[in-house]
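Remember, it's 1-based here, ligands and their atoms both numbered in the order they're listed. This one's a predicted model, so the numbers in the text were calculated from it and none came from an experiment.
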Amino acid sequence: MALSQIKSAPAQSCSACASALADLCTGEPISRSTALELIRCADDDLPALLAAARASKERFKPKVITYSRKVFLPLTNLCRDYCGYCTFRRDPSDPGAHTMTPDEVLSVARAGEELGCTEALFSLGDKPELLFPEMRDTLRHLGYKSTLHYLEAMCELILRETSLLPHPNPGLLSAEWIARLAAVSPSMGLMLETTNSALLAPGAAHDNAPDKVPAKRLRTIEDAGKQNVPFTTGLLIGIGESLEDRIDTLLAIRDLHDRYGHIQEVIVQNFRVKPTIPMAHWPEPSPGDMLRTVAVARLLLPNMNIQAPPNLSAPYYEELADAGINDWGGISPLTPDFINPEKPWPHLEQLRLHTEAKGFELRQRLPVYPEYISTVTSKPGLLSERLRAAANDLGLAKTETAA
Ligand code: SF4
């Protein structure tokens, strides 16, 4: 797909962007005002913006784009929140409502192990037992007090019984729960999504989503920082936020990372419309909008790992690689993307070809990025042993499976 086919430019004079690009200091993070100029750049300026972002990525991690070979474990799709863009969540009475049993967790993990996976990604709804008595019954039957207690036990099960490394995404966490999950997983994640609390208003994307209060999410990310826990976060674009909000969200992430140094990965995820969601008639961010956001994220965060999910931007894989990402995120050769089931992951061989077409080598990483491995292995125990066994000298997957 040629870049010239990607339309979308917001109106903006070329001269403002050209001057912002000309003012870029090599390797220095750009300012809020420069980011605002660049994210609004005209189509004619997009190639120069992408070139600047790619050059910045190459200064940070040259010649390579990584991915994590994973299995996706939707531990429970019950959730007490009702985000307007979500197709994952269910009420207990909805078709497809399901909480995985320990046997199901282990069976999927072992199948992934056979296929060379190194990450067990736990995705789940936020605190469903607070809203649904059915979930409280399920947890009682399983022998756990809460969804987080069950998640902790399943992370431990994965560690004990397989070579996979857990990476949980359970929603908001207290400092105590961050510590407990950090004992059984080398990294964890929580998407900040946006710092705009106006999206909690009636009719907006986070109407009836009590766990999406930006201040609460920032607190969880900060608590992880205080404990030096490798943490994945990111923004979700196209859910009603402004371009200023996107920049401010990236700056909030940058500020937390400057203070604690623990944010191992920033995901730039684009909203994709689905027929069954409350936001079924909302416009999606255009490919050009996504590329501008990724490129500006790279320039704002020149020394941080930036990921964009390839399945949500197909067929623009090569353009994303040009926009400054250094990671494709978790890709599964086994399980579908349960969050966006209508957008299958690209076949890994195809992703390798697209990556190489842009001059990069595709390498398999672990759920925890190489530069954070020593913070985990410095503590004794099973987690440390498993991580040492899984990592090579570069901190990537010791046993890389052919794409
Ligand atoms: S996006 Fe997450 S928090 Fe929101 S409804 Fe879906 S599962 Fe729940």
Side-chain angles (χ1 to χ4, degrees), residues 72-100 121-132 134-136 138-139 146-148 150-151 154 167-174 177-178 181 188-221 231-241 249 267-280 282 284-285 309 311-312 329-330 335-343:
F72 197 119
L73 296 162
L75 191 64
T76 181
N77 55 12
L78 303 188
C79 181
R80 77 161 179 161
D81 297 280
Y82 291 81
C83 299
Y85 43 78
C86 183
T87 49
F88 176 75
R89 73 160 315 285
R90 299 280 190 282
D91 282 352
S93 57
D94 289 341
H98 186 61
T99 298
M100 295 178 84
L121 172 69
F122 282 101
S123 277
L124 52 151
D126 207 322
K127 303 178 201 65
E129 70 274 23
L130 297 187
L131 195 57
F132 303 117
E134 293 90 338
M135 188 62 186
R136 294 198 285 277
T138 300
L139 290 166
S146 72
T147 302
L148 290 177
Y150 183 40
L151 172 66
M154 292 305 96
H167 178 94
N169 277 341
L172 290 179
L173 290 168
S174 64
W177 270 108
I178 290 167
L181 292 176
M188 62 187 77
L190 175 78
M191 290 289 279
L192 175 55
E193 297 191 10
T194 180
T195 48
N196 184 351
S197 54
L199 300 192
L200 297 157
H206 290 153
D207 179 12
N208 200 9
D211 296 298
K212 294 295 170 82
V213 175
K216 293 182 180 175
R217 298 177 88 76
L218 287 164
R219 191 178 316 136
T220 292
I221 301 168
F231 208 86
T232 291
T233 188
L235 64 164
L236 178 57
I237 71 166
I239 57 171
E241 83 291 351
T249 302
I267 301 172
V268 182
Q269 183 173 342
N270 46 325
F271 163 68
R272 296 305 306 259
V273 79
K274 297 135 191 140
T276 55
I277 56 173
M279 290 166 60
W282 282 49
E284 295 180 336
N311 57 320
L312 301 185
T335 48
D337 179 350
F338 287 93
I339 307 293
N340 295 281
E342 78 294 353
K343 305 283 180 201

Part of Cys79 within contact of ligand 1 (heavy atoms, under 4.0 Å): side chain

Salt-bridge criterion met for Asp211 and Arg80 (N-O under 4.0 Å): yes

Side chain proximity check, Lys212 to Tyr82, heavy atoms < 4.5 angstrom: no

Derivation of the salt bridge (Lys or Arg N to Asp or Glu O under 4.0 Å) call for Glu129 and Arg136: CA-CA 5 Å; Glu129 70 274 23; Arg136 294 198 285 277; over 6 Å; no

Side-chain donor or acceptor of Thr233 paired with backbone N/O of Leu190 under 3.5 Å: yes

Proximity of Asp81 to ligand 1 by residue part, where a heavy atom lies under 4.0 Å: both

Protein heavy atom at shortest distance from atom 4 (Fe) of ligand 1: Cys83 SG, 2.4 Å

Phe88 neighbourhood, listing ligand 1 atoms whose heavy-atom distance to it stays under 4.0 Å: 7 (S)

Heavy-atom nearest neighbour in the protein, as seen from atom 6 (Fe) of ligand 1, with distance rounded to 0.1 Å: Cys86 SG, 2.3 Å

Minimum side-chain heavy-atom gap His206-Thr194 below 4.5 Å: yes

Ligand 1 contacted by Lys212 (non-hydrogen, < 4.0 Å): yes

Distance in Å, Ile239 CD1 paired with Trp282 CH2, rounded so as to fall on 0.5 Å steps: 8.0 Å

Per-atom contacts of ligand 1 with Arg89, taking only distances under 4.0 Å to non-hydrogen atoms: 5 (S)

